[in-house]
There are 2 protein chains.
Amino acid sequence: MGVNVPALRSHNAALVLDLLRTAGETGISRLELAERTGLTPQAVSKITARLRAEGLATEAGHRASTGGKPRTVLRMVPSAAYAVGVHLDRDELTALLTDLAGAVVALRRRPVDLGAGAGPVLDAVTEEVRALLADPPGSVLGVGLAMPGPLDHRAGVPGRVTGFPEWAGHPVRDELAARLGLPVVLDKDTNAAALGLALRPTAPGSFAYVHLGTGLGAGLVLGGAPLRGDRTGAGELGHQTVQLDGPPCGCGGRGCLEVLCLAAVARGELPEAARILGTGAANLVRLLDIDQVLLGGRVVLAAPSVFAEGVRGVLAGLGLSAPVGLATGRDAVAEGAAWLTLAPVFGKQAEL
Amino acid sequence: MGVNVPALRSHNAALVLDLLRTAGETGISRLELAERTGLTPQAVSKITARLRAEGLATEAGHRASTGGKPRTVLRMVPSAAYAVGVHLDRDELTALLTDLAGAVVALRRRPVDLGAGAGPVLDAVTEEVRALLADPPGSVLGVGLAMPGPLDHRAGVPGRVTGFPEWAGHPVRDELAARLGLPVVLDKDTNAAALGLALRPTAPGSFAYVHLGTGLGAGLVLGGAPLRGDRTGAGELGHQTVQLDGPPCGCGGRGCLEVLCLAAVARGELPEAARILGTGAANLVRLLDIDQVLLGGRVVLAAPSVFAEGVRGVLAGLGLSAPVGLATGRDAVAEGAAWLTLAPVFGKQAEL
DNA sequence: TCCACTTAAGCAACGCTGTTGCCAAAGTGC
DNA sequence: GCACTTTGGCAACAGCGTTGCTTAAGTGGA
């Protein structure tokens, strides 16, 4: 909790590297970095010199002069390091390799059955990750693994995944780390997706990633940081009561959003499902004062405009101005999983 | 955003001072401070020497020896500084003076009518604060002012307070600061109360303060920090939809928690009101993975056990283990308001 | 073409941070 | 009484960002 001088140094270095990252291909000059960080230009020069010496940054041309020496443009070097992201879903495994900028370099997919138990499934994960790393791309930071909740991201252990009791308590993170010889970070699928979305250069400060697939969940990003909660339980949108004394749910409650929404989907009433989802989204927007809602998950992606329009309609009807968007696509969770290991490089989510 | 050496110094000093504060009367030794902060004992010695020189800390006895030189106990000096907290409610004004530890030193109360307009009401606030400070207690850090929402805590300006349109946009913070010659911080009543509760030494990391008075709102504390949102809108619990297509609400929605809950109160059905409130609280606990629910507000305090038991029952029925408590009492908001100016001294809520 | 001017960025000296190594102070217990 | 343990201050130190100055590299008017 206390900060000493080396900690200060690495904090500022991470801050500068993050600005280089978000500047992307465009790059950014030393003086802009100084303005954005509040540090003096001289300090930025020192920090960027170290980053260049480590191969993390490079000079890339000049800006137009404004009457004096033109600013030198600096850029991050994405190939300086790589990370693996794994999305372990109930029936499918997606593993991908990204560079330091989060761009997908390679991808592998195969069907799996979570019900087959931890041993065989982790065998499959190990195989796919080894295959990705067979052609060694350079320094690999680690592996991010995203699974359906509930789980404990600090211990790296799944909880009672609905329908897959044998996973509960299995030391997934440590076992995979031992097999691969790489650091592994475990998190909930929705949290991983939200993290990946949160670190896009254009991301708003606070938003919710609402995922409608085999279940209904959300990843919450508040003030730039994902909210996990002490028990990795945050984002349990599916079991919000939106119908007092409504139909019972397996969770013990009644009128849960997930039950109502998925029932509408099952009936084929997608606009009604979108309206129910919109009510849940509106509750989020109002309770947390967030800037944006991003929809994702298989059910949404099967009829994106129906859901986007439906949710948008509910928010507009309540006078809420938060825009509604769609999350990138099929691999949002796996890409976010890679960010679980990339993020610390940029000083994000220090405490996992 | 960047951190330089003086910033590091003040950060560590605030950190140490906060540990002294939470240690309270008991005090804490230099070595414990070193363990808790991660700093070396020598660094802690230097920092505490400065704090003692500034009069913020003092030595207070010794611990029992464990085989060597006994540890010297350090304590914060609460009388080193004071702060004013003002709770401006729809019909009542509470102003109090606290010391650096947040203990109430003096209190004044009078009826007001928010509808009388900003001018006369701010006159009354000015009078009461001046009266509190008539017998000057020492260094006064500033004034925290808590009002019903909506408002903009960054600009220090109320929004459209329901039923009191003339307050909208009035520069309350700046005007009061000019009148009193002291820094003023404005925040929503529920946020102030939550802040005060969050800074108690025994507070859990994440909790919700649920306030049921003339309206229904919540103050959310996540990971030790109050959540306000960019528009100070976070905590709008009252307009969470918990009854799809339920009775209409003035907000444009249907089945809002506030409408249902207050209707039950109006019918005299307090257990039913508690059950509805409990449903809202359960939604909070699940969505945000919080550790505790604290109930407050006039309606709750009029029948505390009914509401506490009712909410507790709903949570227990859903298998949620978060304990339900009652917020201290009538002046929770005013005491929290004082913390709006005290908190920065301890490195809390840097960004207001 | 020249030259004054502006802006960018590195070099060197500096102040200040927390750290390290050492030692005095103040207890315990054989 | 003495060996031992633990606390906490003193002094020297490495390393951070800052300050003052210099050099590099442009623009634009005479």
Side-chain angles (χ1 to χ4, degrees), chain A residues 1-20 23 26-54 57-75 347, chain B residues 1-20 23 26-54 57-75 347:
Chain A
M1 221 162 165
V3 178
N4 55 18
V5 175
L8 174 150
R9 170 181 170 150
S10 64
H11 172 264
N12 284 345
L15 191 62
V16 168
L17 191 58
D18 191 49
L19 289 173
L20 287 168
T26 316
I28 185 170
S29 73
R30 289 178 179 79
L31 275 147
E32 288 175 78
L33 288 169
E35 286 164 23
R36 300 274 290 274
T37 56
L39 299 172
T40 60
Q42 189 58 28
V44 171
S45 277
K46 282 191 181 178
I47 292 167
T48 54
R50 285 196 292 263
L51 292 176
R52 284 190 297 149
E54 293 165 18
T58 186
E59 298 195 341
H62 301 270
R63 291 237 193 290
S65 169
T66 59
K69 177 175 173 178
R71 302 184 174 188
T72 309
V73 174
L74 298 169
R75 274 186 15 212
Chain B
M1 221 162 164
V3 178
N4 55 19
V5 175
L8 173 151
R9 169 182 170 151
S10 63
H11 172 263
N12 285 346
L15 192 62
V16 168
L17 191 58
D18 191 50
L19 288 173
L20 287 168
T26 316
I28 184 169
S29 73
R30 289 178 179 80
L31 270 106
E32 288 174 78
L33 288 170
E35 284 165 23
R36 300 275 290 272
T37 56
L39 298 173
T40 60
Q42 189 57 26
V44 171
S45 277
K46 282 190 182 178
I47 292 167
T48 55
R50 286 196 293 264
L51 292 175
R52 284 190 297 151
E54 293 165 19
T58 186
E59 298 195 339
H62 300 270
R63 291 239 193 289
S65 167
T66 59
K69 178 176 174 180
R71 302 185 173 188
T72 309
V73 173
L74 298 170
R75 272 186 17 212

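Remember, predicted model here, so these are calculated numbers, not experimental data. A note on names: the letters A, B, ... follow the listed sequences, proteins ahead of strands, and every chain is numbered from 1.
Rounding to whole angstrom units, CG of residue Leu8(A) and C1' of dT18(D) are separated by 13 Å. Here dG9(D) presents its P atom at 7 Å from CD of Glu59(B), a figure rounded to the nearest Å. The nearest whole Å value for the distance from the CZ atom in Arg63(A) to the P atom in dA24(D) is 24 Å. Distance Asn4(A) CG to dT20(C) P: 9 Å, rounded to the nearest Å.
Of all the heavy atoms in His11(A) and Met1(B), the pair that sits closest is CE1-O, 3.6 Å. Counting all heavy atoms, side chain and backbone alike, Arg30(A) lies closest to Leu74(A) at CG-CD1, 3.6 Å. Among all heavy-atom pairs drawn from Leu19(A) and Ile28(A), the shortest one is O-CG2, 4.4 Å.
Closest to the Thr40(A) side chain, of the nucleotides dG10(C), dT18(D), dT19(C), is dT18(D). For Arg52(A), the side-chain atoms get nearest to dG10(C) when compared with the rest of dG10(C), dG17(D), dG18(C).
Proximity of Arg50(A) to the phosphate of dG17(D): a side-chain N or O atom is located under 4.0 Å from OP1 or OP2.
Heavy-atom nearest nucleotides on DNA chain C were determined for Lys46(A) and for Val3(A), and the one closer to the 5' end corresponds to Lys46(A). In terms of position on DNA chain D, the residue among His62(A) and Leu39(A) whose nearest nucleotide sits closer to the 5' end is Leu39(A). Mapping Thr48(A) and Val5(B) onto DNA chain C via the closest heavy atom, the residue that lands nearer the 5' end is Thr48(A).
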Between protein and nucleotides 6-9 of chain C, what N or O pairs are separated by less than 3.5 Å?
unit_1 : atom_1 : unit_2   : atom_2 : d
dT6(C) : O2     : Gly67(A) : O      : 3.0
dT7(C) : O2     : Lys69(A) : N      : 2.8
dA8(C) : OP1    : Arg71(A) : NE     : 2.3
dA8(C) : OP1    : Arg71(A) : NH2    : 2.8
dA8(C) : O4'    : Lys69(A) : O      : 3.3
dA9(C) : OP1    : Thr72(A) : N      : 2.6
dA9(C) : OP1    : Thr72(A) : OG1    : 2.9

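In this structure the side chain of Leu20(A) reaches within 4.5 angstrom of the side chain of Leu51(A), judged on heavy atoms.
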Give the C-alpha distance, both sets of side-chain angles, the deciding distance and a yes or no for side chain to side chain contact (heavy atoms under 4.5 Å, CB included) between Val3(B) and Val3(A).
CA-CA 10 Å; Val3(B) 178; Val3(A) 178; 5.7 Å; no
Going through the distances and angles, do Val44(A) and Ile47(A) end up as a side chain to side chain contact (heavy atoms under 4.5 Å, CB included)?
CA-CA 5 Å; Val44(A) 171; Ile47(A) 292 167; 5.6 Å; no
